[in-house]
Asks: 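Submitted below is the structure of interest, expressed as structure tokens.
Worth knowing before you read on, the calculation uses all heavy atoms, side chains too, and leaves out hydrogens, waters and symmetry mates. Note that the structure is predicted; figures quoted are calculated from it, not measured.
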Amino acid sequence: MSSHPVAETVAALLPRARQELAELVAFRSVADFAQYPRSESEGAANWIADALRAEGFTDVALLDTPDGTQSVYGHLPGPEGAKTVLLYAHYDVQPPLDEAAWTTPPFELTERDGRWYGRGAADCKGGVVMHLLALRALKANGGIPVNVKVIVEGSEEQGTGGLERYAEQHPDLLAADTIVIGDTGNFRVGLPTVTTTLRGMTLVRVRIDTLEGNLHSGQFGGAAPDALAALIRTLDSLRAEDGSTTVDGLPADAAWDGLAYDEEQFRADAKVLDGVDLIGSGTVADRLWARPAVTVLGIDCPPVTGATASVQASARALVSLRVPPGLDATEATKLLQAHLEAHTPWGARVRTEPAGQGQPFRADTDSPAYRAMAEAMAVAYPGEQLQYAGQGGSIPLCNTLAALYPEAEILLIGLSEPEAQIHAVDESVSPEELERMSVAEALFLRAYAG
């Protein structure tokens, strides 16, 4: 780590940051109130509001967004005439899946093998702490040279769009010269990375009906049309023999021209079993960042345990399609629906229904903010140069902000490198990454101020 005064301050603040992250992780702030109490999310929101007030933020508010959750907003005025930077993170988290499968309790920050484990440690409660560390380091080393707005979302993982709708209804609230989205991460630990593209996403429910009711498979099987078999054939039509996504009319041959992703490294990051092939064609980066990708997220059908000898009358599935930059998610939704309907066999009745959507995003990297970030990363990560990468995931808010503030520059950074295992069992954050990224953000704010 650099001997820069800002870096020394961040290093000294790290024990406090660990305690704060532990307090935040302890809130079971899953924004699905059928699974976890609303009070857990409200507790996390109030914790963040109190932290912002303690740092001198004015206009701190809990924003009641249209999806029934709360986002936390604060404004810290800077010098007269200074630029305005909006810092984003989210405090809601993915459900922990099977809590018994975690090595240590998911809502208890635990240090192990040089990493801090807990749900949200990297995605994205660690991002909240990163913003706080950066601002404290600047305050201790000459002050904060920009106007700072902070927005911490309460339902990002649910994709219910509460903050997006709120921002559209209050277009002046989040206006800024530059927006730092603290919800991505480095390509690998120690390699400073800004995410410049995000795939969008569309969700479609599909239902196939063939019979008025289930039938005995011995008496009717062989002639009676099986809705589950029809659904399986329909879903299989979404992939070519090599596993490539094939949606009729949707281009799938774009190439990625940024950071390369070594295939063996990807196999290790994804924990692909020995002997199992990767799917698709082109480079790994092409497949992850430049091309559409379909995933069957769930199927409604009888479970194996308790299944009866029946021909199924009805079956449903939820299908996700990741949409790369350059394609329109609304058009992709229509193409996916049309494909599913066209490829349903045997004249079976099929119904499709959109269940959610977010547009892809591409940043403008030829800008003052990107130059300032490159300078900052060079200090925080000595000997390394800033890399540009894509991300297969979606952050619909990026498109909302880009539409509301077309002149604003948007940078995506964060703590969710591959070892963090976000959304999975045993999520963790590297304290060294938290330290270095906090230094980088602090120095970025200084460099960007000019």
Asks: Report yes or no: does Asn147 contribute a side-chain atom to a donor-acceptor pair with the main-chain N or O of Gly78 at less than 3.5 Å?
Replies: yes
Asks: Measure from NZ or CZ of Arg28 to the centre of the six-membered ring of Tyr36, then state whether that distance is under 6.0 Å and the direction lies within 45° of the axis.
Replies: no
Asks: Side chains of Thr9 and Asn141: is there a donor and an acceptor less than 3.5 Å apart?
Replies: yes
Asks: At their closest point, which heavy atom of Thr344 faces which heavy atom of Ile208, and how far apart are they?
Replies: CG2-CD1, 3.7 Å
Asks: Between Ala137 and Ala442, which heavy-atom pair has the shortest distance, and what is it?
Replies: CB-CB, 4.5 Å
Asks: So, Asp236 versus His343: side-chain donor-acceptor pair below 3.5 Å or not?
Replies: no
Asks: Hey, mind stepping through His90 and Glu153 against side-chain hydrogen bond (donor to acceptor under 3.5 Å, both in side chains) and telling me if it holds?
Replies: CA-CA 4 Å; His90 63 85; Glu153 189 174 5; over 6 Å; no
Asks: Is the closest side-chain heavy-atom distance between Val72 and Trp47 below 4.5 Å?
Replies: no
Asks: Just checking, any donor-acceptor pair under 3.5 angstrom between side chains of Tyr381 and Asn186?
Replies: yes
Asks: I'd like to know whether CG of Asp98 has more than 12 heavy-atom contacts from other residues, nucleotides or ligands below 6.0 angstrom.
Replies: yes
Asks: Is the count of non-hydrogen atoms from other residues, nucleotides or ligands lying under 6.0 Å from Arg233 atom CZ greater than 12?
Replies: no
Asks: Start with the C-alpha gap between Arg188 and Glu417, add the side-chain angles, then the distance that decides, and say whether salt bridge (charged side-chain N to carboxylate O under 4.0 Å, His left out) holds.
Replies: CA-CA 5 Å; Arg188 59 174 170 78; Glu417 37 73 29; over 6 Å; no
Asks: Using a cut-off of 6.0 Å, state whether more than 12 heavy atoms not belonging to Arg316 lie near its atom CZ.
Replies: no
Asks: Can any side-chain N or O of His339 pair as donor or acceptor with the backbone N or O of Val247 at less than 3.5 Å?
Replies: no
Asks: Does NZ or CZ of Arg199 lie under 6.0 Å from the centre of the six-membered ring of Trp289, at an angle within 45° of the ring axis?
Replies: no
Asks: Please determine whether the number of non-hydrogen atoms from other residues, nucleotides or ligands lying under 6.0 Å from atom CD of Gln385 exceeds 12.
Replies: no
Asks: Strictly by modelled atom types, are Ser29 and Ser41 linked by a side-chain donor-acceptor pair under 3.5 Å?
Replies: no
Asks: When you look at CZ of Arg165, are more than 12 heavy atoms from neighbouring residues, nucleotides or ligands closer to it than 6.0 Å?
Replies: yes
Asks: When you look at CD of Glu407, are more than 12 heavy atoms from neighbouring residues, nucleotides or ligands closer to it than 6.0 Å?
Replies: no
Asks: Pairing donors with acceptors under 3.5 angstrom, does anything connect the side chains of Gln391 and Thr184?
Replies: no
Asks: What are the two closest non-hydrogen atoms of Glu375 and Ala447, and how far apart are they?
Replies: OE1-CB, 3.8 Å
Asks: Within the side chain of Gln94, is there an N or O that forms a donor-acceptor pair under 3.5 Å with the backbone of Ala424?
Replies: no
Asks: I want to check something: taking the side chain as every heavy atom from C-beta on, are His170 and Glu168 in contact at a cut-off of under 4.5 Å?
Replies: no
Asks: Evaluate salt bridge (charged side-chain N to carboxylate O under 4.0 Å, His left out) for Glu419 paired with Lys271, printing each intermediate quantity in order.
Replies: CA-CA 11 Å; Glu419 292 179 48; Lys271 297 180 172 57; over 6 Å; no
Asks: Is a side-chain donor or acceptor of Arg349 paired with a backbone partner of Thr210 at a separation under 3.5 angstrom?
Replies: no
Asks: Looking at every heavy atom in both Ser155 and Ala31, which two are closest together, and how far apart are they?
Replies: CA-CB, 4.0 Å
Asks: Determine yes or no for a side-chain-to-main-chain donor-acceptor pair under 3.5 angstrom, with Gln421 supplying the side chain and Val425 the backbone.
Replies: yes
Asks: Could you tell me whether a side-chain N or O of Thr196 sits under 3.5 Å from a main-chain N or O of Ala363, the two making a donor and an acceptor?
Replies: no
Asks: Tell me if a side-chain donor or acceptor on Thr193 pairs with a main-chain N or O of Leu191 at a distance below 3.5 Å.
Replies: yes
Asks: For atom NZ of Lys83, decide whether the heavy atoms of other residues, nucleotides or ligands shown that lie under 6.0 angstrom number more than 12.
Replies: yes
Asks: Carefully, step by step, assess Glu409 and Ser367 under the rule side-chain hydrogen bond (donor to acceptor under 3.5 Å, both in side chains).
Replies: CA-CA 8 Å; Glu409 302 177 60; Ser367 65; 2.4 Å; yes
Asks: Run Asp300 and Arg207 through salt bridge (charged side-chain N to carboxylate O under 4.0 Å, His left out) and show every step you take.
Replies: CA-CA 9 Å; Asp300 284 342; Arg207 173 173 175 150; over 6 Å; no
Asks: Can you tell me which residue among Leu318, Val294, Thr352 is in a side-chain contact (heavy atoms from CB on, under 4.5 Å) with Val204?
Replies: Thr352
Asks: State, yes or no, whether a side-chain contact exists between Val319 and Leu297 at a heavy-atom distance under 4.5 Å.
Replies: no
Asks: Apply the test ring pair (Phe, Tyr, Trp, His ring centres under 6.0 Å) to residues Phe107 and Phe27: give CA-CA distance (whole Å), side-chain angles for both, the deciding distance (0.1 Å), then the verdict.
Replies: CA-CA 7 Å; Phe107 295 104; Phe27 292 106; over 10 Å; no
Asks: Do you know which of Val379, Val189, Val10, Leu415 makes side-chain contact (heavy atoms from CB on, under 4.5 Å) with Arg436?
Replies: Val189
Asks: One pair to check against side-chain hydrogen bond (donor to acceptor under 3.5 Å, both in side chains): Ser430 and Glu432. What are the steps and the verdict?
Replies: CA-CA 5 Å; Ser430 161; Glu432 288 80 12; 3.3 Å; yes
Asks: Using distance alone, with no hydrogens and no angle criterion, decide if Thr283 and Asp286 have a side-chain donor and acceptor under 3.5 Å apart.
Replies: yes
Asks: Tell me which one of Ile179, Leu86, Leu404 satisfies side-chain contact (heavy atoms from CB on, under 4.5 Å) with Leu174.
Replies: Leu86
Asks: Taking atom types as modelled and ignoring hydrogens, do the side chains of Asp64 and Gln70 form a donor-acceptor contact shorter than 3.5 angstrom?
Replies: yes
Asks: Are the side chain of Asp92 and the backbone N or O of Glu157 linked by a donor-acceptor pair below 3.5 Å?
Replies: yes
Asks: Checking the side chain of Asp123 only, and the main-chain atoms of Ile422 only, is there a donor and an acceptor separated by less than 3.5 Å?
Replies: no
Asks: Decide yes or no on side-chain hydrogen bond (donor to acceptor under 3.5 Å, both in side chains) for Tyr261 and Asp269, but give the supporting numbers first.
Replies: CA-CA 11 Å; Tyr261 201 154; Asp269 290 344; 2.5 Å; yes
Asks: Under 3.5 Å, is there a donor-acceptor pair between the side chain of Arg267 and the main chain of Val276?
Replies: yes
